[in-house]
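Given the structure is predicted, the values throughout are model-derived calculations rather than measurements. In what follows, residues are counted from 1 in the order of the sequence shown.
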Amino acid sequence: MNNPLLQLLVLAGIAIFLILRLRNVLGTRDGFEPPQVEAPDRPRPRFDVIEGTPEEPDHDILDHAEAGSATARALAAMKAVEPSFGVMDFLNGAKSAYEMILMAFERGDLSDVRPFLAEPVAAALQSVIDARAANGHTVTAQYIGTRETALAGAEYDTATGMAQVTVRFVGELIAATRDAAGNVVEGDPKAARKQRDTWTFARRMGQDDPNWQLVATG
């Protein structure tokens, strides 16, 4: 065998050896595999924390009570238990109740307003009516109007659900008390006078019965 042929065989052997080594190191590819391109860093989406928007102020409460006061907190607690409760609606109802109860007392007949009176209040008013009758006194009265109806305070007992709302009234009426002979012993049948009262109404919130009762007078 001449030298050129021997050299060719040696070179071929080296080439085959190198190819086998490369296959062992790199492995093989099946089909087309695109080159792996490292994706550039993408900016991460930004999530801004949106704080809860503050609740709208409840003007139905704040129009009648100072913000943060015990009265305002009590009214808010009442509304939480009974969302249909409204301070303005209550005051309008209290205004009507004031006229009805006051005139029933002046006339000496509580039968129509008895469901709106707590027992101690009903008993106290009735005792005055009975005393008038015992003395032979009668009352004539004409209601002119309610000049002021204002919230004076509110309390709420979370344990019992009992709510109390105190209202200040200024009414105007003409009233006169006469004795058995018809003589005026109190008041003036021709002149109006102002009647100032502070009444407290109570009710258990969440009950089906919507009626408040007068539990205290002042």
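In this structure, CD1 in Ile61 is found 4.5 Å from NZ in Lys79, a value given to the nearest 0.5 Å. The CE atom of Met205 lies 13.5 Å from the OG1 atom of Thr158; values are rounded to the nearest 0.5 Å. Atom CG of Asp58 is separated from atom CG of Leu75 by 9.0 Å, given to the nearest 0.5 angstrom. Taking CG of Leu125 as the start and CG of Leu117 as the end, the distance is 6.0 Å to the nearest 0.5 Å. To the nearest 0.5 Å, atoms OH (Tyr156) and CD (Gln164) are separated by 12.5 Å.
Every residue meeting the side-chain contact (heavy atoms from CB on, under 4.5 Å) condition with Gln195, not counting sequence neighbours, appears here in chain and number order: Tyr98, Leu102, Leu173, Arg193, Asp197.
Classification of Glu172 and Arg147 as a salt-bridged pair holds, one side-chain N sitting under 4.0 Å from a carboxylate O. Taking the charged nitrogens against the carboxylate oxygens, Glu119 and Arg114 do have a contact shorter than 4.0 Å, which makes a salt bridge.
Checked by atom type and distance alone, the side chain of Arg203 pairs as donor or acceptor with a backbone atom of Asp209 at under 3.5 Å.
In terms of heavy atoms, Ala159 sits closest to Asp157 at N-OD1, 2.9 Å. Pairing each heavy atom of Ser111 with each of Pro115, the nearest pair is O-CD, 4.3 Å. Between Leu62 and Pro57, the shortest heavy-atom distance links the atoms CD1-CB, 3.8 Å. The two residues Ile174 and Ala192 make their nearest non-hydrogen contact at CG1-CA, 3.7 Å. The nearest pair of heavy atoms linking Ala65 to Ser69 is CB-OG, 4.2 Å. For Ala94 against Val167, the heavy-atom pair with the smallest separation is CB-CG2, 4.4 Å.
Inter-residue side-chain proximity for Gln213 and Phe116 is flagged as unmet; no heavy-atom pair is nearer than 4.5 Å. Contact of the Ile101 side chain with the Leu110 side chain is not registered, since no non-hydrogen atoms from C-beta on lie closer than 4.5 Å. At a threshold of 4.5 Å between non-hydrogen side-chain atoms, the residues Thr146 and Val170 do not count as touching. For the pair His137/Arg178, no side-chain contact is recorded, criterion being any heavy-atom separation below 4.5 Å from C-beta on. Annotation: side chain of Thr177 is not in contact with side chain of Thr138 (no heavy-atom distance under 4.5 Å). Inter-residue side-chain proximity for Leu91 and His64 is flagged as met; some heavy-atom pair is nearer than 4.5 Å.
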Could you list the donor-acceptor pairs under 3.5 angstrom formed by side chains in residues 182-190, with sequence neighbours left out?
residue, atom, partner, partner atom, Å
Asn183, ND2, Asp179, OD2, 3.4
Asp188, OD1, Lys190, N, 2.9

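A continuous path of Ile, Leu, Val, Met, Phe, Trp and Tyr side chains, each step under 4.5 Å between heavy atoms, connects Met100 with Val121, placing both in one hydrophobic cluster. Under the 4.5 Å side-chain contact rule for hydrophobic residues, Met88 and Phe90 do not share a cluster. Residues Met103 and Val113 share a hydrophobic cluster, clusters being chains of Ile/Leu/Val/Met/Phe/Trp/Tyr side chains in contact below 4.5 Å.
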- Steps toward side chain to side chain contact (heavy atoms under 4.5 Å, CB included) verdict (Arg132, Val139): CA-CA 9 Å; Arg132 288 180 192 159; Val139 177; 3.8 Å; yes

- Task: Tell me, with the steps shown, if Leu214 and Trp199 meet side chain to side chain contact (heavy atoms under 4.5 Å, CB included).
- Result: CA-CA 7 Å; Leu214 178 62; Trp199 288 6; 3.4 Å; yes

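A side-chain contact (heavy atoms from CB on, under 4.5 Å) with Val87 is found for one member of Val165, Thr71, Asn92, Asp60 and no other, namely Asp60.
Between Phe169 and Phe201, the ring planes are perpendicular. Angles over 60° get that label, and only those under 30° would be called parallel.
Atom NZ of Lys95 has 12 or fewer heavy atoms from other residues, nucleotides or ligands within 6.0 Å. Residue Arg204 qualifies as enclosed at atom CZ: its count of foreign heavy atoms under 6.0 Å is above 12. Crowding of Glu82 atom CD: a count of heavy atoms from other residues, nucleotides or ligands under 6.0 Å exceeding 12.
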